[in-house]
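Order of the sequence lines sets the chain letters (A, B, ...), proteins ahead of strands, with each chain counted from 1.
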Number of protein chains: 2
Amino acid sequence: MKNNNKPLTLKKVAEILNCSTATISNAFNRPDQLSAALREKILTECKRIGYHGPNLTARSLRKGESGVIAVLLTDSLAYHFTDPVANQLLQGISEVLEKNNKQLLMLSSATNAQQTSGIEALPDGFIVYGSQDHNPLFERVVQQGKPIITIDFDIDEYPSVNIDNQQAAFDIANHVLEKKPESPAILGLRLIHSDRVCRITDDELFDENESISRRRLDGYLKAAEQHNYQIKSNRIWHVPKNTYELAKQAAHEALTSHPLPDCLICMSDNIASAALNIAREMNIRVPEQLKIVGFDDIPEASRLSPPLTTICQKSREKGKTAALKLIQGKLQDKTILPSQLVIRSSS
Amino acid sequence: MKNNNKPLTLKKVAEILNCSTATISNAFNRPDQLSAALREKILTECKRIGYHGPNLTARSLRKGESGVIAVLLTDSLAYHFTDPVANQLLQGISEVLEKNNKQLLMLSSATNAQQTSGIEALPDGFIVYGSQDHNPLFERVVQQGKPIITIDFDIDEYPSVNIDNQQAAFDIANHVLEKKPESPAILGLRLIHSDRVCRITDDELFDENESISRRRLDGYLKAAEQHNYQIKSNRIWHVPKNTYELAKQAAHEALTSHPLPDCLICMSDNIASAALNIAREMNIRVPEQLKIVGFDDIPEASRLSPPLTTICQKSREKGKTAALKLIQGKLQDKTILPSQLVIRSSS
DNA sequence: GTGAAAGCGCTAACAC
DNA sequence: GTGTTAGCGCTTTCAC
């Protein structure tokens, strides 16, 4: 089974089959350039002698296209494999790519940027997930002049796929604040730049920017205002990444703080799930003593006990939409995908 | 920000900087071939004019290496993003790759094999996850004559990373059968080739092969024998893929079958998790009325209520080990990673 | 329908 | 230390 010979080249194949390289190439790429019979014969011969078609590197160098689509991720790849939301997104993307015979290359902005591998020259297009302020890899991607589509953030010149984060956050906060909790708290995600779980400060509460988390926080605060709550900055926790461990830490801090929150508005289902577990450990009954709501609607959300009230943001759909737009070359518009409040028994 | 110019080439850069292409190339690839000062100057100039280093396609064609490592997956990519075990494995792999400045390319054997993109020529090495009998893409991969390492299955000529599935399965079955359940049942994974959830037949019970599931089933049956159980084939369910939906279906069938099982030995934590949920819906108390054990020790296992007794197989470690061996060129041996029984309260 | 040949962008051997 | 050049494997134009 093992093989130590060099793979055949088109040129050698042409020699063996005793015709020109152009004919072999045409057999693989342009059926109209030769008779069906000859093409068939060549293809069968190739299979027999073990030539499986032109080498990607060479073809791509020549044609300037590779059939590879890259997903540019903000954090490390390893992190993205742990994040259920990223997982769903990648699932949607790969569904579309597979259907269209495209290969998926995962590129991480967190990669050691010194060692420039030049990999950004390979893909025919890029799906950029998550904001990229002054990321060197992203800048090299832009330089390629290839199609780019962004997800969960926006750059004027490029098409994008987003949801209305502020509205969605408003909806879910509105829903839970209608129950008149006494001391609601917020477990936010990536609110500030610290890599520690911590509370935010008053300044930060009013710090305007374009991030998703800011949009969501705005939605929460708007709902709070309408219900005459004033949520102070020290009732808002910052979780630096959407990992279970950090979420647990934040949930634990919140549920051991004074006054004890009776309502946790979480910026991700992961955080909400951790909060649910901490509450169970502490024998706090959900939803009677504590209401918990999440965001995302990851698959786990409906299986938790109690199942989680959340915002369904169809991450898989997001990925599919972005991949499809990229492949079909529909590169004009900005898409806002619908999201909706899903009420389950955690609230 | 948007860019429509063609990226600079090394040749153009050489013209602009008024030196030869070799010098530019050397500045990027072989620091020893020119003075540090000149190199520094070239690199800064390049950055200024927007040349970010040699194009991967060309370099790879020339050098025969790309810095890309491929993971060859049995099922569709989309499926692998949903499977928590695959996720952990990929996490481990990408940790190592990122540390070593390698790019990750995910290749699916399930891809439309007609349209041969030639992509298999690009990677410098392959991590093959899961058995590949007569898969055309795998055969093309073999043809490349590049390093290959297999995970969770074995081919004589290639190094591999595995666990002792039979022993692990024996251990966990032994543990739960010691509790003397009256009617144990097995929820297996990929036992046969059907894509339906179904029970297996007597013939299939004795059908020898090299698969993981066969190894695990052997372990279960050996433990059963030692405890004087005779588990009949109609007490063994086949789950075709490790998805939650299929697992739920199998668990539901098992828990509505007669005699009602009071012990479910599940071949994955996913299946066990679904069984746990079905049991809760049916008001069957775990572990009092029903013992459930899993396999894998996915992150969710310890968070379920009750937490799951399972086999910890360190999938992340598996991925790391495989990637590391591939990168370091340690291509001799077969590695068997340790796994262990983790007893929690579901049994 | 077919073949000869240029050249995609780069690296490395070799000459200077 | 630097420059010239062949050629990695392929596609495509152009001449036949």
Side-chain angles (χ1 to χ4, degrees), chain A residues 5-42 46 50-67 116-122 124 140 143-146, chain B residues 5-42 46 50-67 116-122 124 140 143-146:
Chain A
N5 309 332
K6 276 206 304 189
L8 285 167
T9 69
L10 189 145
K11 198 172 158 191
K12 278 188 224 141
V13 171
E15 263 171 44
I16 297 172
L17 300 197
N18 199 30
C19 62
S20 83
T21 59
T23 305
I24 310 290
S25 173
N26 285 333
F28 281 98
N29 299 304
R30 309 198 299 185
D32 52 308
Q33 297 293 303
L34 73 178
S35 69
L38 178 59
R39 174 161 191 262
E40 205 45 55
K41 197 188 128 216
I42 291 180
C46 283
Y51 180 73
H52 301 290
N55 168 300
L56 177 76
T57 323
R59 134 182 288 194
S60 161
L61 176 58
R62 179 62 233 246
K63 302 222 302 181
E65 68 181 63
S66 60
T116 149
S117 76
I119 186 81
E120 66 276 6
L122 182 69
D124 300 333
R140 282 186 271 136
Q143 289 261 345
Q144 302 299 319
K146 304 258 185 76
Chain B
N5 308 333
K6 276 206 303 188
L8 284 167
T9 68
L10 189 146
K11 199 172 157 190
K12 278 187 223 140
V13 171
E15 264 173 45
I16 296 172
L17 301 197
N18 200 28
C19 63
S20 83
T21 60
T23 305
I24 309 290
S25 173
N26 284 334
F28 281 98
N29 300 304
R30 308 197 302 184
D32 53 306
Q33 296 293 304
L34 71 179
S35 68
L38 178 58
R39 174 159 191 264
E40 206 44 56
K41 196 189 129 216
I42 291 180
C46 282
Y51 181 73
H52 301 289
N55 169 301
L56 176 76
T57 323
R59 136 184 285 194
S60 162
L61 176 58
R62 178 63 234 243
K63 301 224 302 181
E65 68 181 62
S66 60
T116 149
S117 76
I119 186 83
E120 66 276 6
L122 181 70
D124 299 334
R140 282 187 270 137
Q143 290 260 346
Q144 303 299 318
K146 305 258 183 73

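Atoms NZ (A:Lys12) and P (D:dC10) sit 9 Å apart, rounded to a whole Å. Rounded to an integer number of Å, the gap from B:Leu122 CG to D:dC10 P is 14 Å. Regarding B:Leu56, its CG atom lies at a distance of 18 Å from the P atom of C:dC8, rounded to whole Å. Whole-Å rounding puts the B:Leu17 CG to D:dT2 C1' distance at 14 Å. A:His52 places its NE2 atom 16 Å from the P atom of D:dG9, with the value rounded to the nearest Å. Summarising the geometry, the separation between NZ on A:Lys41 and P on C:dG1 is reported as 14 Å, rounded to the nearest angstrom. Atom NZ of A:Lys11 and atom P of C:dA4 are 12 Å apart (whole Å). Whole-Å rounding puts the A:Arg59 CZ to C:dC10 P distance at 21 Å.
For residues 31-42 of chain B, no residue pair satisfies the side chain to side chain donor-acceptor pair (under 3.5 Å) rule, not counting sequence neighbours.
In this structure, CG in B:Leu122 is found 9.5 Å from OG in B:Ser117, a value given to the nearest 0.5 Å.
Base engagement by B:Leu61 is indicated by at least one non-hydrogen atom pair under 4.0 Å involving a base atom. At the heavy-atom level, B:Ser35 lies under 4.0 Å from the strands shown only through sugar-phosphate atoms.
Of the candidate nucleotides D:dT12, C:dG1, D:dG3, D:dT12 has the atom nearest to the side chain of A:Lys63. When distances run from any side-chain atom of A:Leu38 to the nucleotides D:dC10, C:dG9, C:dT2, the shortest one goes to C:dT2. The A:Leu34 side chain lies nearest to C:dT2 when the options are D:dC10, C:dT2, C:dC10.
For D:dC10, one of the phosphate oxygens OP1 or OP2 lies less than 4.0 angstrom from a side-chain nitrogen or oxygen of A:Tyr51.
With sequence neighbours excluded, no residue forms a side chain to side chain donor-acceptor pair (under 3.5 Å) with B:Thr21. Considering only residues two or more places apart in sequence or on other chains, A:Glu15 meets the side-chain contact (heavy atoms from CB on, under 4.5 Å) condition with none of them. Shown here are the side-chain contact (heavy atoms from CB on, under 4.5 Å) partners of A:Leu61, two or more places apart in sequence or in another chain: B:Thr57, B:Ala58, B:Leu61. Judged as a side chain to side chain donor-acceptor pair (under 3.5 Å), and not counting sequence neighbours, A:Thr9 has no contacts.
The side-chain heavy atoms of B:Leu17 and B:Thr23, taken from C-beta on, include no pair separated by under 4.5 Å.
Residues from residues 20-33 of chain A with heavy atoms under 4.0 angstrom of DNA chain C, sorted by number: A:Ser20, A:Thr21, A:Ala22, A:Thr23, A:Asp32, A:Gln33.
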